[in-house]
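Only one structure is covered here, and it is reproduced in the block below.
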Amino acid sequence: MLRVRFAPSPTGFLHIGSARTFIFNWLYARRHGGQVILRIDDTDVERNTEESLASIFEGLKWLELAWDEQYRQSERLERHRQMAQVIFDKGLAYRDFSPAHGDADERPYGEGPWLFHPDMRAMSREESDRRAAAGEPFVLRFCVPRETRDKIVFTDLVYGEQCKATADIEDFALLRSNGMPTYHMASCADDVDLRITHIIRGQDHLTNTFKHVLIFEALGAPVPQFAHLPLLVAPDGSKLSKRRHGQVVSVTTYRDCGFLPQAYVNFLCLLGWSPKDNREYLTLDELIAAFSFEGVNRHNAVVNFTPENPIDPKALWLNTQHLRQMDVRDLARYVRPVLERAGLAAPSEDRFLQVLEVIRTRYQTLNDFVTRGRAYFAEDYEITPEASDKLNQPGARELLHELAARLEAAAEFTEHSVETELRNLAAERGVKAGLIINAARAILTGQTVGPSAFAVFTALGRERAIERLRRA
RNA sequence: GGCGCUAUCGUCUAAGGGUUAGGACGGAGCCCUCUCAAGGCUCAAAUACGGGUUCGAAUCCCGUUAGCGCUACCA
């Protein structure tokens, strides 16, 4: 059984880069009938918060991509320590009693990589046991087998064969001096226990993978497949950070801006991946069918935003595409709660769908339905100054009143019949149809821009349309 | 500093030895039209640099440059 995992650490909100990693994991699993495991990597007690955990769930929930199992690393600490002990018992790790080296600036760079403290690595087991028993704090380090192996090799599904000399891999920590497992230890231990077959994660872990291969082997476990993904970066190439780039890095920002989750998922997939057939608009099902690591490229992708315009224009364009191409009944499910939050009520289902069909092609976000589309759902819409100009054209109001009378008397009320009545009236009075059309749109919607005026009439319905004409 | 990864229009990308280097967003223009969108059409816009290999290189190799990542108890 193919099993993938998404392992966020709760140190902030759900980052768009993390969201994309989750999406790629999810797509790969669904593509191959596998399972998705959500694992909260919360071994860093200093930085993890419950608030951040909640916000990560909030982001994941919005994406509407369900996972199959869920774990929390902090609940498995004993297991991690056990597995570190197994490695130690096999003689593949040793205790390092050196005091913590605090300041990163003091690192002795210059002569090459730091590998280990020679006296610690060479310490006899007896002395090590004695000092540990005496309560002296230590870090448990993996003993990289530089004498017996000259390199570590694995094949990455995206980056191809990766090779690194053991002489360039330091004796990394497995357990901290406070007994807590490090990321490397906890992550690999869980990947083994949870029977993860494919590790799909950010490229920032590519060089860590050599260490992980060593751990899997030391544990006697099968080494999973790896697929590293290029990173999402800011326009200047730097990594996206909350401090420097603010809200653009949080997925909830896009939810709040009125994005459809499937549109945002579509957008994120196009950063670093391509179906290679020129398609840009893809539904979730199409994404599942098309996804493969062949289509993932190896260089970082820039999220295109500026301080003035924090939303990538392509993301917005994809949202408009989904808005107008998705099943209108699905769209209704997304618009309804947005209306409710704004204190507006959706009309009956048939009318609602009709309204959506009329206005969806010119809106970009869900929020537009309550701002630009307010007149379709409420009576207290504003008349813009431009709209007032149209109504103040000579004779315009009187013509609208006359039109109201004729529409009330007419046998039918369809786009076509309204158009006929309106054009007849214009012809009889010797005015341009546009005068009445634009004035009608102005009073009906409060705006000079929008759908065909005739479609507005039928979308509003006979009674409401006539009533508004009379109000002119 | 060491090690690893990467480099095609402004941005996202296609082309994995032979194409006028394709598509999309964004930009400019035209058509359509009751307005605004949508839609259709057109235009501008790229192979980081230098060497090789080859009849032929965006594509393979080397170097340079640049960016990113990892680098003594963050994930």
Side-chain angles (χ1 to χ4, degrees), chain A residues 7-9 11 41-44 46-48 96 98 100-102 104 106-117 137-141 156 159 162-165 167-178 180-184 186-187 202-211 228 230-231 233 235-239 267 270-281 295 297-305 312-318 320 324 359-364 372 386 390 419 422-423 432-438 440-442 447-454:
Chain A
S9 61
T11 54
D41 277 13
D42 55 352
T43 54
D44 185 354
E46 319 266 292
R47 299 198 303 159
N48 295 160
D96 182 339
S98 309
H101 200 292
E106 291 172 29
R107 289 171 193 177
Y109 287 146
E111 317 86 60
W114 175 88
L115 292 177
F116 54 86
H117 296 290
F138 62 87
V139 169
L140 189 72
R141 281 186 192 287
D156 187 271
Y159 286 88
Q162 300 295 308
C163 175
K164 186 161 184 169
D168 291 317
I169 304 173
E170 78 281 4
D171 286 353
F172 53 93
L174 260 21
L175 253 31
R176 302 181 176 104
S177 53
N178 63 5
M180 291 288 284
T182 61
Y183 162 74
H184 301 301
S187 176
Q203 190 248 34
D204 48 343
H205 286 296
L206 190 62
T207 47
N208 284 332
T209 305
F210 297 101
K211 297 172 189 172
H228 288 87
L231 270 20
V233 297
D236 67 354
S238 65
K239 74 174 175 184
F267 169 68
L270 259 21
L271 295 175
W273 172 83
S274 159
K276 294 181 185 282
D277 55 11
N278 282 348
R279 278 184 296 171
E280 308 275 342
Y281 171 87
N297 56 216
R298 288 167 288 278
H299 58 268
N300 293 348
V302 174
V303 180
N304 202 5
F305 64 88
D312 190 314
K314 194 157 194 171
L316 201 54
W317 173 77
L318 277 168
T320 68
R324 70 189 92 250
I359 59 181
R360 76 205 287 207
T361 62
R362 57 210 82 214
Y363 291 172
Q364 297 189 295
R372 298 167 59 191
E386 295 77 20
K390 297 291 182 189
E419 178 161 8
L422 189 147
R423 289 191 188 281
K432 284 185 165 179
L435 173 75
I436 311 179
I437 290 171
N438 290 327
R441 182 187 296 103
Q447 297 164 8
T448 55
V449 301
S452 155
F454 308 116

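A, B, ... follow the sequence lines: proteins, then strands. Residue 1 opens every chain.
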**Request:** Determine the interatomic distance between P on U33(B) and the same-named atom on G22(B); round to the nearest Å.
**Result:** 33 Å
**Prompt:** How is Ser274(A) classified with respect to the nucleic acid when contacts are heavy atoms under 4.0 Å: base, sugar-phosphate, or nothing?
**Reply:** sugar-phosphate
**Request:** Report yes if at least one side-chain N or O of Arg176(A) is closer than 4.0 Å to OP1 or OP2 of A75(B); otherwise report no.
**Result:** yes
**Request:** With His205(A) as reference, evaluate Tyr159(A), Phe210(A), Tyr183(A) under the ring pair (Phe, Tyr, Trp, His ring centres under 6.0 Å) test and give the passing residue.
**Result:** Tyr183(A)
**Asked** Taking side chain as C-beta onward, heavy atoms only, is Ile437(A) less than 4.5 Å from Phe454(A)?
**Response** yes
**Prompt:** Under 4.0 Å: is that the gap between some side-chain N or O of Lys164(A) and OP1 or OP2 of C3(B)?
**Reply:** no
**Item:** Counterpart base for C3(B), defined by Watson-Crick or G-U wobble contacts under 3.5 Å
**Value:** G69(B)
**Prompt:** Between Val139(A) and Ser177(A), what is the shortest heavy-atom contact and its length?
**Reply:** CG2-N, 4.0 Å
**Request:** Please state how far atom CZ in Arg362(A) lies from atom C1' in C36(B), giving the value in whole angstrom units.
**Result:** 6 Å
**Message:** Taking only the P atom of each, what is the distance from G39(B) to G26(B) in whole angstrom?
**Reply:** 9 Å
**Message:** For a quick check of understanding: with a heavy-atom distance under 4.0 Å over all strands, which category does Gly272(A) fall into, base, sugar-phosphate or nothing?
**Reply:** sugar-phosphate
**Prompt:** At under 4.0 Å between heavy atoms, what does Arg141(A) touch on the DNA or RNA strands: base, sugar-phosphate, or nothing?
**Reply:** sugar-phosphate
**Asked** When all nucleic acid strands are considered with a 4.0 Å heavy-atom cut-off, which category describes Asp312(A): base, sugar-phosphate, or nothing?
**Response** nothing
**Request:** Would you indicate what Gln447(A) reaches in the nucleic acid, counting non-hydrogen atoms under 4.0 angstrom: base, sugar-phosphate, or nothing?
**Result:** nothing
**Message:** Base, sugar-phosphate or nothing for Ser9(A)? Non-hydrogen atoms, less than 4.0 Å.
**Reply:** sugar-phosphate
**Message:** Does Tyr363(A) reach a base, just sugar-phosphate, or nothing at all? Heavy atoms under 4.0 Å.
**Reply:** nothing
**Request:** Please work out if Val302(A) contacts a base, only the sugar-phosphate, or nothing of the nucleic acid, heavy-atom cut-off 4.0 Å.
**Result:** sugar-phosphate
**Asked** For G26(B), does OP1 or OP2 lie under 4.0 Å from any side-chain N or O of Asn304(A)?
**Response** no
**Atom-to-atom span, CG of Leu175(A) to C1' of C73(B) - whole angstrom** = 10 Å
**Request:** Verify side chain to side chain contact (heavy atoms under 4.5 Å, CB included) between Asp171(A) and Asp96(A), making sure each step is shown before the conclusion.
**Result:** CA-CA 10 Å; Asp171(A) 286 353; Asp96(A) 182 339; over 6 Å; no
**Message:** Closest-nucleotide mapping onto RNA chain B: is Gln364(A) or Thr182(A) further toward the 5' terminus? I mean the 5' end.
**Reply:** Gln364(A)
**Request:** Check every strand shown and say whether Ala453(A) touches a base, only sugar-phosphate, or nothing at a heavy-atom separation below 4.0 Å.
**Result:** base
**Message:** Work out how far the C1' atom of A38(B) is from that of A48(B), and round it to whole angstrom.
**Reply:** 39 Å
**Item:** Residue closer to the 5' end of RNA chain B, Phe172(A) versus Arg423(A) (nearest nucleotide)
**Value:** Arg423(A)
**Request:** Pick the C1' atom in G2(B) and in C60(B), then give their distance to the nearest Å.
**Result:** 28 Å
**C32(B) and A37(B), which share atom name C1', separated by this distance in whole Å** = 13 Å
**Message:** In whole Å, I'd like the distance from the CG atom of Asp42(A) to the C1' atom of A75(B).
**Reply:** 11 Å
**Integer angstrom distance from the C1' of C9(B) to that of G4(B)** = 29 Å
**Prompt:** Does the distance from a Lys or Arg side-chain N to an Asp or Glu carboxylate O, for Glu170(A) and Arg141(A), drop under 4.0 Å?
**Reply:** no
**Complete:** Taking a pair to mean Watson-Crick or G-U wobble geometry with both distances below 3.5 Å, A21(B) pairs with none
**Message:** Can you see if the side chain of Lys432(A) gets near the phosphate of C34(B) - specifically, an N or O under 4.0 Å from OP1 or OP2?
**Reply:** no
**Request:** Remember a base hit wins even if backbone is also touched, and classify Arg441(A) as base, sugar-phosphate or nothing at under 4.0 Å, heavy atoms.
**Result:** base
**Request:** Please evaluate the base of C34(B) for a donor-acceptor partner in the side chain of Ser452(A) within a cut-off of under 3.5 Å?
**Result:** yes
**Message:** Categorize Asp204(A) for me: base, sugar-phosphate, or nothing, with a 4.0 angstrom heavy-atom threshold over every strand shown.
**Reply:** sugar-phosphate
**Message:** Going by purine N1 to pyrimidine N3 plus the second Watson-Crick contact, or the G-U wobble pair, all under 3.5 Å, which nucleotide sits opposite C32(B)?
**Reply:** none
**Fill in**
Here the distance between atom P of A75(B) and atom NZ of Lys239(A), to the nearest Å, is 14 Å
**Asked** On a whole-Å scale, what distance lies between the P atoms belonging to A28(B) and A66(B)?
**Response** 36 Å
**Prompt:** Nearest-Å distance, CG (Leu271(A)) to P (C68(B))?
**Reply:** 18 Å
**Request:** Would you kindly give the CD1-to-P distance between Ile169(A) and C70(B), to the nearest whole Å?
**Result:** 16 Å
**Message:** Between G23(B) and Glu280(A), counting only base atoms on the nucleotide and side-chain atoms on the residue, is there a donor-acceptor pair under 3.5 Å?
**Reply:** yes
**Item:** Distance-only donor-acceptor test (3.5 Å): side chain Lys314(A), base A24(B)
**Value:** yes
**Message:** Going by purine N1 to pyrimidine N3 plus the second Watson-Crick contact, or the G-U wobble pair, all under 3.5 Å, which nucleotide sits opposite C43(B)?
**Reply:** G27(B)
**Asked** Has His228(A) got a side-chain N or O lying under 4.0 Å from the OP1 or OP2 atom of G4(B)?
**Response** no
**Complete:** Rounded to whole Å, the CG-C1' distance (Asp168(A) to U71(B)) equals 10 Å
**Asked** So, do Asn297(A) and Ser274(A) sit near enough that their side-chain heavy atoms are less than 4.5 Å apart?
**Response** no
**Item:** Watson-Crick/G-U partner (both atom distances under 3.5 Å) of U59(B)
**Value:** none
**Request:** Could you please name the partner base of C9(B), counting Watson-Crick and G-U wobble pairs only when both distances are under 3.5 Å?
**Result:** none
**Message:** In whole Å, I'd like the distance from the CH2 atom of Trp273(A) to the P atom of A14(B).
**Reply:** 11 Å
**Message:** At 4.0 Å (heavy atoms only), tell me whether Pro451(A) reaches a base, stays on the sugar-phosphate, or touches nothing.
**Reply:** base
**Asked** In whole Å, what separates the C1' atom of G23(B) from that of A45(B)?
**Response** 14 Å
**Asked** Can you tell me if NZ on Lys211(A) sees more than 12 non-hydrogen neighbours from other groups inside 6.0 Å?
**Response** yes
**Sidechain N-carboxylate O distance under 4.0 Å for Asp277(A), Arg279(A)** = yes
